[in-house]
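Take a look at the structure below.
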Protein chains: 2
Amino acid sequence: MRISQLSAASGVPIPTIKYYLREGLLPAGEQTSATRAEYGARHVRRLRLIRALLEVGRLPIAAIRKVLAAVDDETLSMHHVLGTAHYAIAPEIEPHPDDEAWHAARGEADRLIADLGWQVDAQAPTRDELAQVILTLDRLGLPATGEALRPYAEKAMELVAEHEIGVIPLDRTREEAVEALVVGTVVHGRALDVLRRLAQESASARIFGISGTSGD
Amino acid sequence: MRISQLSAASGVPIPTIKYYLREGLLPAGEQTSATRAEYGARHVRRLRLIRALLEVGRLPIAAIRKVLAAVDDETLSMHHVLGTAHYAIAPEIEPHPDDEAWHAARGEADRLIADLGWQVDAQAPTRDELAQVILTLDRLGLPATGEALRPYAEKAMELVAEHEIGVIPLDRTREEAVEALVVGTVVHGRALDVLRRLAQESASARIFGISGTSGD
DNA sequence: ATTATTGGATAGTACAACTAGCCAATGCCT
DNA sequence: AGGCATTGGCTAGTTGTACTATCCAATAAT
């Protein structure tokens, strides 16, 4: 399969494929001569994965590169790959050196995680993300203590996370399992968000009613 | 309050405040002379809201402008504001004129929504988002039919959405209620995503074990 | 032999979200 | 009343991201 065919098979334009090759997202094809390389089904698959992480997961190219590097590193366990993916997904949160409100929020986050009995790495950037959300809700005057978020976490998220991990096909190759894990993390997040908004619209229609003070 | 004090109170740099004023995100202060304007608590509040939507909700400036316009439009009902927010949140999905796979995915999405008995506008862009997620999962060979997503929707999201709508303070001013609605939509989405990833890490630690084939 | 395609490299584009600089008018302080 | 600092409004520049376009010489296909 040459580059033009890879482009046709994946729907990704040739210049973009070249860009992904340059950026190290896509492994080089097998060189058959100085000016020709052969691509295979694995490249099509990898392109699909890249596009999924990019378009549905909204990950930046740099994050995708890190995730794919973890996927390809056979020495990493499933749990480590997940950790790498989580690390890559987490947006940079600029440090708040000695911001008291920040530390309070971070403490609240840690307390919630501990109370739920969740086993989360002490260095996980996700803890900071949670602190940021708590801090933001707090600043806006909305309930944001651990207790307010707890029903979300307990009733809904444990169920979902359990299901997601359980759905990984462990009986196939490592690559397949690991890809499913990464996609599950990123794309299922999106799926859940979309479903939440749909449920929200439905609940809003029922509770507030469709009719408004006026139409738009 | 002058612009420098607004900047100090909100933590947003003056040039950025000027930028938001230009972009129509922040209403102009009350002009007290040709070269002086007075800002108030409402501006501080609005800046906090903007930063929340931007940093936590990751909405682009253009989307924030639309959301805020809906918040400020007193003729819109709660349900309409929510709809506007959902519309602004939804990323542009380029149309797939006569892509068969796309239509199948969209049909699957509509079927799922109907089966759940959810009351969702037929034109809601969220329907397309759901279709895109289904299509992506499908292309990657992961279970993505309505049935696969159904437990997510049923057991988890209805609960969450119900809770979110219920938490809106309807006994206060319209502005407060509407802001809570918008923030709830955007920031709670983030909160949930973060909690899901934390639960996932915990589930992964329990199921796969911390130990890997190797360290990182 | 000729025409088209490929890989590799470099440079340019488009958009988003700021950030910087300038200027004349004014406010505030003494 | 005089003078320095601040303000609002303007225009332009910067940074970062994800591409997109163009060239070029070396092949491969016909």
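Chain A is the first sequence line, chain B the second, and so forth, proteins listed ahead of strands; every chain is numbered from 1. Only a predicted model underlies this, so the values are computations on that prediction, with no experimental measurement involved.
- Rounding to the nearest 0.5 Å gives a distance of 5.5 Å between CG of A:L68 and CG of A:L49.
- Nucleotides of DNA chain D that come within less than 4.0 Å of any heavy atom of chain B span, from the 5' end to the 3' end, D:dT6 to D:dT11.
- Counting to the nearest Å, the C1' atom of C:dG7 and the CD atom of A:E30 are 15 Å from each other.
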Pairs under 3.5 Å (N/O, protein and nucleotides 17-27 of chain C):
unit_1	atom_1	unit_2	atom_2	d
C:dA17	OP1	B:I61	N	3.3
C:dA17	OP2	B:I61	N	3.1
C:dC18	OP2	B:Y20	OH	3.2
C:dT19	OP2	B:T16	OG1	3.3
C:dT19	O4	B:R22	NH2	2.9
C:dT26	O4'	B:T35	OG1	3.3
C:dG27	OP1	B:S33	OG	3.0

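- Of the charged side-chain nitrogens involved, at least one lies within less than 4.0 Å of a carboxylate oxygen, so that B:R65 and B:E23 count as a salt-bridged pair.
- Across all strands shown, B:E23 has no heavy atoms under 4.0 Å from either base or sugar-phosphate atoms.
- The line from CG of B:L195 to NE2 of B:H188 is 10.5 Å long, rounded to the nearest 0.5 Å.
- Counting all heavy atoms, side chain and backbone alike, A:V67 lies closest to A:V182 at CG1-CG1, 3.5 Å.
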Legend entry - Stepwise salt bridge (Lys or Arg N to Asp or Glu O under 4.0 Å) test for A:R46 and A:D72: CA-CA 11 Å; A:R46 177 51 57 99; A:D72 290 336; 2.9 Å; yes
Legend entry - side chain to side chain donor-acceptor pair (under 3.5 Å) between A:H79 and B:E201, intermediate numbers included: CA-CA 8 Å; A:H79 187 67; B:E201 177 172 342; 4.8 Å; no
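- Rotation axes derived from the C1' atoms of the five outermost pairs at either end of the helix from C:dA1-D:dT30 to C:dT30-D:dA1 lie 0° apart, to the nearest 10°.
- Nucleotide C:dA4 holds its P atom 19 Å from the CD atom of A:Q5, rounded to whole Å.
- Closest heavy-atom contact between A:A177 and A:I168: O-CG2, 3.7 Å.
- B:V56 pairs in a side chain to side chain contact (heavy atoms under 4.5 Å, CB included) with only one of the listed residues (A:L140, A:L137, A:T136), which is A:T136.
- Distance check: B:M78 CE to B:L170 CG gives 5.5 Å after rounding to the nearest 0.5 Å.
- Under a cut-off of 6.0 angstrom, the local environment of CZ in B:R58 is crowded, with over 12 non-hydrogen atoms contributed by other residues, nucleotides or ligands.
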